[in-house]
Visitor: 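Just passing along the structure, written as structure tokens.
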Amino acid sequence: MPRGPACRPLKLAAARAVLAEGRRLIWTDDEVLPEPGPLRDELTRDGRALLIAPRPNRGLQPADLDRIEAFADAR
């Protein structure tokens, strides 16, 4: 898989496929997560997707893991 912006279309297609199948999505990415705007709104509009962009030099932090756990526990 290409890195950086070159992989964005592939990751976006995978995220859309997950949501199209009716499944929930947790997407953590420090490189190519959609910025706030129409594309991010499309993915998160029905509450089935959680998008987290950790800082590249820190990775996921305890607060991020808490958000993921809360999202996974919600039905």
Side-chain angles (χ1 to χ4, degrees):
M1 174 170 297
R3 294 192 50 84
C7 71
R8 183 179 181 161
L10 300 173
K11 290 182 176 185
L12 180 58
R16 283 177 166 151
V18 166
L19 294 171
E21 292 171 4
R23 296 185 296 149
R24 298 173 78 218
L25 171 71
I26 298 171
W27 184 358
T28 64
D29 198 313
D30 62 355
E31 292 183 329
V32 296
L33 227 100
E35 297 290 327
L39 182 53
R40 190 178 191 102
D41 292 346
E42 170 198 331
L43 296 173
T44 61
R45 74 174 156 238
D46 65 1
R48 291 186 303 125
L50 174 65
L51 283 58
I52 297 177
R55 293 191 340 219
N57 62 339
R58 300 286 305 225
L60 292 171
Q61 296 296 296
D64 298 321
L65 300 177
D66 290 344
R67 288 179 61 204
I68 291 169
E69 184 177 16
F71 181 81
D73 286 345
R75 297 277 180 235

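Just the heavy atoms: all of them, side chains too, but no hydrogens, waters or symmetry mates, feed the values below.
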Visitor: Side-chain contact test, heavy atoms from C-beta onward, threshold under 4.5 Å: evaluate it for Thr28 versus Asp64 and give yes or no.
Guide: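 Thr28 does not reach Asp64 side chain to side chain.
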Visitor: So if you build clusters from Ile, Leu, Val, Met, Phe, Trp, Tyr with side-chain heavy-atom gaps below 4.5 Å, do Ile52 and Leu65 land together?
Guide: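 Yes, it is one cluster - the side chains of Ile52 and Leu65 are joined through contacts under 4.5 Å.
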Visitor: Counting C-beta onward and ignoring hydrogens, is there a side-chain heavy-atom pair between Pro56 and Glu31 closer than 4.5 Å?
Guide: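 No, every pair of side-chain atoms sits at 4.5 Å or beyond.
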Visitor: Is there a donor-acceptor pair closer than 3.5 Å between any side-chain N or O of Arg55 and the backbone N or O of Gln61?
Guide: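 No; judged by distance alone, with no hydrogens or angles, the pair does not exist.
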Visitor: Mind listing the closest non-hydrogen atom pair of Leu51 and Thr44 along with its distance?
Guide: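 Heavy atoms of Leu51 and Thr44 come nearest at CD1-CG2, 3.7 Å.
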Visitor: Any chain of hydrophobic side-chain contacts (each under 4.5 Å) joining Leu19 to Ile26?
Guide: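 No.
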Visitor: So does Glu21 have more than 12 non-hydrogen atoms from other groups sitting under 6.0 Å from CD?
Guide: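 Result for CD/Glu21: enclosed.
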Visitor: Do Trp27 and Phe71 sit in one hydrophobic cluster, given that two such residues count as connected whenever their side-chain heavy atoms are within less than 4.5 Å of each other, even indirectly?
Guide: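 They do not share one cluster, since no chain of ILVMFWY contacts under 4.5 Å joins Trp27 to Phe71.
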Visitor: I'd like to check Arg40 versus Leu33 (side-chain heavy atoms, cut-off strictly below 4.5 Å). Are they in contact?
Guide: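 A side-chain contact exists here, since the closest heavy-atom pair is under 4.5 Å.
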Visitor: CG/Leu60 to CG/Asp30 distance, rounded to the nearest 0.5 angstrom?
Guide: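 Going from CG on Leu60 over to CG on Asp30, the span is 9.0 Å.
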Visitor: Linking I/L/V/M/F/W/Y whenever any side-chain heavy atoms sit under 4.5 Å apart, do Val18 and Leu12 land together?
Guide: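 Result: yes, single cluster for both.
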Visitor: Rounded to the nearest 0.5 Å, what separates atom CG in Leu39 from atom CZ in Arg8?
Guide: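 The CG atom of Leu39 sits 5.5 Å away from the CZ atom of Arg8.
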Visitor: Tell me if a side-chain donor or acceptor on Arg48 pairs with a main-chain N or O of Leu25 at a distance below 3.5 Å.
Guide: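 No: the side chain of Arg48 does not pair with the backbone of Leu25.
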